[in-house]
Amino acid sequence: MPPDQINPLISAQPAPFRAAQYVRMSTEHQQYSTDNQADKILEYAQRRNIEIVRTYADEGKSGLSLGGRASLQKLIADVETGVADFTLVLVYDVSRWGRFQDADEAAFYEYKLKRKGILVAYVAEQFENDGSPVSTIVKGVKRAMAGEYSRELSAKVFAGQCRLIELGFRQGGPAGFGLRRVLLDQSGNLKSALQRGEHKSLQTDRVILVPGTDAEVATVNQMFQWLIQDDMAISAIANRLNGIPVLTDLDRPWNYSTVRQVLTNEKYIGNNVYNRHSFKLKKKHVDNPPDMWIRKEGAFTGVVPVATFMTAQEILAERSRKLTDQELLEHLKRLYAECGSLSGFIINQALGRATASMYS
């Protein structure tokens with residue numbers, strides 16, 4: 001029979017389902033993770049007559065929360081605004097959708113798609129995400145397991161970091177003004193200095209702090225002398241540095257916070273202090289009490305004498321002591337007698353602990 005006489009209802013192939021794929025990897029070390037996920041998703045799609053028309057990829061993004069995962073946010077937004085040109089979302093497994101600490105959060109984001117008529121399929125799982133009681137139970141367990149994996153990993157990583165701190169090695173963060181990061185190999189031999197933004201490439205390498213240039217070390221000590229000998233306010237020290245001018249380690253002007261960081265951080269006397277603040281599982285920033293800090297004294301070569309540093313801490317502690325209303329008024333009286341007038345500018349420039357904002 002000629003081709004033009006074949007019944008088109010019999011010969012026509014069913015149109016493929018249009019789908020988007022979502023891939024995610026947690027860290028930059030998982031270089032090929034998203035490619036591997038995409039390969040498995042493509043195999044799944046080809047077996048089931050599914051056409052992948054769009055890709056949403058979050059590379060180097062944690063699965064603990066939706067924050068920072070721009071592609072997943074866009075996927076949800078595209079579905080909710082009706083611009084999505086697909087009816088299915090393919091994900092490698094439940095953990096790639098997210099390791100949310102609350103399993104209901106993962107279900108919530110999936111439900112937002114489902115109520116718009118778009119289903120999520122986990123291609124590497126042993127269950128079909130078809131809404132059956134079995135799949136619902138298994139999926140709930142998988143979500144809980146994904147969150148528990150992150151909790152266990154967090155505890156192991158924290159314990160390892162604490163151990164390295166106690167051994168005298170630096171854990172993350174810039175060196176700071178007047179200091180430099182130096183890379184050591186697993187035998188403790190010096191390898192090279194780490195520039196701003198550079199990271200170690202081998203897991204067995206370690207980082208320590210060493211003094212910076214002579215000029216920077218001199219500037220750090222000068223800041224302490226301005227505080228101790230000249231009784232200068234922190235804001236006044238920042239103004240003096242900017243007037244020289246001297247820039248911070250990030251090539252920016254100084255301000256209250258950057259000066260205070262230098263004057264209060266124990267790394268300038270060679271101490272290694274960790275866990276002063278925590279942000280575990282990306283839940284909440286917490287300022288930990290001193291008894292939770294992990295400390296290694298004399299881990300590095302200090303650039304400020306210990307006695308000088310401790311004197312500075314006493315001065316700053318006294319300045320931060322809460323003033324009574326009577327003490328504030330006495331301060332204003334003395335200032336008025338000296339200047340003959342009062343203004344926010346005069347109050348802020350005066351040597352002392354009271355500022356215009358405190359009076360407000």
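Sequential numbering from 1 along the given sequence is applied to the chain's residues. From a predicted model like this one, the values you see are computed outputs, not experimental measurements.
Summarising the geometry, atom CZ belonging to F108 is positioned 11.5 Å from atom CG belonging to D102; distances are rounded to the nearest 0.5 Å. Going from atom CZ of R170 over to atom CG of L179 covers 8.0 Å, rounded to the nearest 0.5 Å. Atom CD1 of I118 and atom CG of L75 lie 8.0 Å apart (nearest 0.5 Å). For the atom pair CZ (R240) and CE (M232), the distance works out to 4.0 Å, reported to the nearest 0.5 Å. If you take CZ on R69 and CG on L64, they are separated by 9.0 Å, rounding to the nearest 0.5 Å. Rounding to the nearest 0.5 Å gives a distance of 5.0 Å between CG of L66 and CD1 of I76.
N272 places a side-chain N or O within 3.5 Å of a backbone atom of F169 that can act as its donor or acceptor partner. In terms of modelled atom types and a separation under 3.5 Å, the side chain of R196 and the main chain of D249 share a donor-acceptor contact. Of the possible donor and acceptor atoms, none in the side chain of S187 sits under 3.5 Å from a partner among the backbone N and O of N189. With hydrogens and angles ignored, the 3.5 Å screen pairs a side-chain donor or acceptor of D58 with a backbone N or O of L72. For the pair S71 (side chain) and A57 (backbone), a donor-acceptor distance under 3.5 Å is present. In this structure, the side chain of D93 does not engage the main chain of A124 through any donor-acceptor pair within 3.5 Å. For the pair E105 (side chain) and Q101 (backbone), a donor-acceptor distance under 3.5 Å is absent. Side-chain atoms of W97 come within 3.5 Å of backbone N or O of A106 as a donor-acceptor pair. Here the side chain of W254 pairs a donor or acceptor atom with the backbone of V246 at under 3.5 angstrom.
Residues I137 and Y122 fall into different hydrophobic clusters, defined by Ile, Leu, Val, Met, Phe, Trp and Tyr side chains chained together at heavy-atom separations under 4.5 Å. Hydrophobic clustering (side-chain heavy atoms under 4.5 Å, transitive across Ile, Leu, Val, Met, Phe, Trp, Tyr) groups V91 together with L113. When hydrophobic clusters are built by joining Ile, Leu, Val, Met, Phe, Trp and Tyr residues whose side-chain heavy atoms come closer than 4.5 Å, directly or via intermediates, L194 is not grouped with L190. There is no path of hydrophobic side-chain contacts, each under 4.5 Å, that joins Y111 to V79. Y336 and L329 are members of different hydrophobic clusters when ILVMFWY side chains are connected at heavy-atom separations under 4.5 Å.
Under the ring-ring contact (aromatic ring centres under 6.0 Å, His included) criterion, Y92 pairs with no residue at all, not counting sequence neighbours.
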Verdict with supporting geometry, N129 and L119, side chain to side chain contact (heavy atoms under 4.5 Å, CB included):
CA-CA 8 Å; N129 192 18; L119 301 179; over 6 Å; no
Could you please spell out the steps behind the salt bridge (Lys or Arg N to Asp or Glu O under 4.0 Å) verdict for K112 and E80?
CA-CA 8 Å; K112 295 181 79 168; E80 293 197 309; 3.7 Å; yes
Given the rule in the side chain to side chain contact (heavy atoms under 4.5 Å, CB included) test, do L316 and L227 qualify, once you have shown the distances and angles that lead to the verdict?
CA-CA 9 Å; L316 294 174; L227 173 73; 4.0 Å; yes
Would you please test V273 and I294 for side chain to side chain contact (heavy atoms under 4.5 Å, CB included) and show each step?
CA-CA 6 Å; V273 183; I294 309 300; over 6 Å; no
Step by step, would you call V53 with D85 a side chain to side chain contact (heavy atoms under 4.5 Å, CB included)?
CA-CA 8 Å; V53 299; D85 55 353; 4.0 Å; yes
Residue pair E110, R115: steps toward the salt bridge (Lys or Arg N to Asp or Glu O under 4.0 Å) verdict:
CA-CA 9 Å; E110 184 178 323; R115 69 180 181 179; over 6 Å; no
Given E59 and R24, is the salt bridge (Lys or Arg N to Asp or Glu O under 4.0 Å) satisfied, shown in steps?
CA-CA 6 Å; E59 299 186 354; R24 179 187 66 82; over 6 Å; no
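With a 4.5 Å cut-off on side-chain heavy atoms, L263 and M223 count as touching. Side chains of S235 and V259 form no contact here, defined as non-hydrogen atoms less than 4.5 Å apart. Using a 4.5 Å heavy-atom cutoff, the side chains of F17 and N49 are not in contact. Using a 4.5 Å heavy-atom threshold, the side chains of F127 and V94 count as touching. With a 4.5 Å cut-off on side-chain heavy atoms, Q21 and V89 do not count as touching. Taking the side chain as every heavy atom from C-beta outward, Q261 and F177 never approach each other to under 4.5 Å. Contact annotation: the side chain of F86 never approaches that of I52 to less than 4.5 Å [non-hydrogen atoms, C-beta and beyond]. A 4.5 Å side-chain heavy-atom check between W226 and L241 finds at least one atom pair inside the cut-off.
In terms of heavy-atom proximity, A144 sits nearest to A103 at N-CB, 4.4 Å. Heavy atoms only, all atoms of each residue included: E128 and S135 are closest at O-CB, 3.0 Å. Scanning all heavy atoms of the two residues, the minimum distance from A20 to Y56 falls at CB-CE1, 3.8 Å. Closest approach of I50 and L88 over heavy atoms only: CD1-CD2, 3.7 Å. For R99 against R96, the heavy-atom pair with the smallest separation is NH2-NH2, 3.4 Å. When all heavy atoms are compared, the tightest approach of T81 to A77 is OG1-O, 2.7 Å.
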Tell me which donor-acceptor pairs under 3.5 Å the side chains of residues 205-218 have, and how far apart each pair is, sequence neighbours excluded?
{"residue": "D205", "atom": "OD2", "partner": "K191", "partner atom": "NZ", "Å": "2.9"}
{"residue": "R206", "atom": "NH1", "partner": "Q203", "partner atom": "O", "Å": "2.8"}
{"residue": "T213", "atom": "OG1", "partner": "E216", "partner atom": "N", "Å": "3.2"}
{"residue": "E216", "atom": "OE1", "partner": "R180", "partner atom": "NH1", "Å": "2.8"}
{"residue": "E216", "atom": "OE1", "partner": "R180", "partner atom": "NH2", "Å": "3.2"}
{"residue": "E216", "atom": "OE2", "partner": "R180", "partner atom": "NH2", "Å": "3.2"}

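Aromatic ring orientation, F224 versus F309: tilted (interplanar angle from 30° to 60°).
Q126 CD: 12 or fewer foreign heavy atoms inside a 6.0 Å radius.
Separation of the F100 and Y109 ring centroids falls under the 6.0 Å cut-off.
A donor and an acceptor atom, one from each side chain of T258 and N255, are located under 3.5 Å apart.
If you run side chain to side chain donor-acceptor pair (under 3.5 Å) between Y44 and each of Q46, R47, K40, R48, only R48 comes through.
Look at E125 and K139 and you find no salt bridge, because none of the NZ, NE, NH1 or NH2 atoms lies under 4.0 Å from a carboxylate O.
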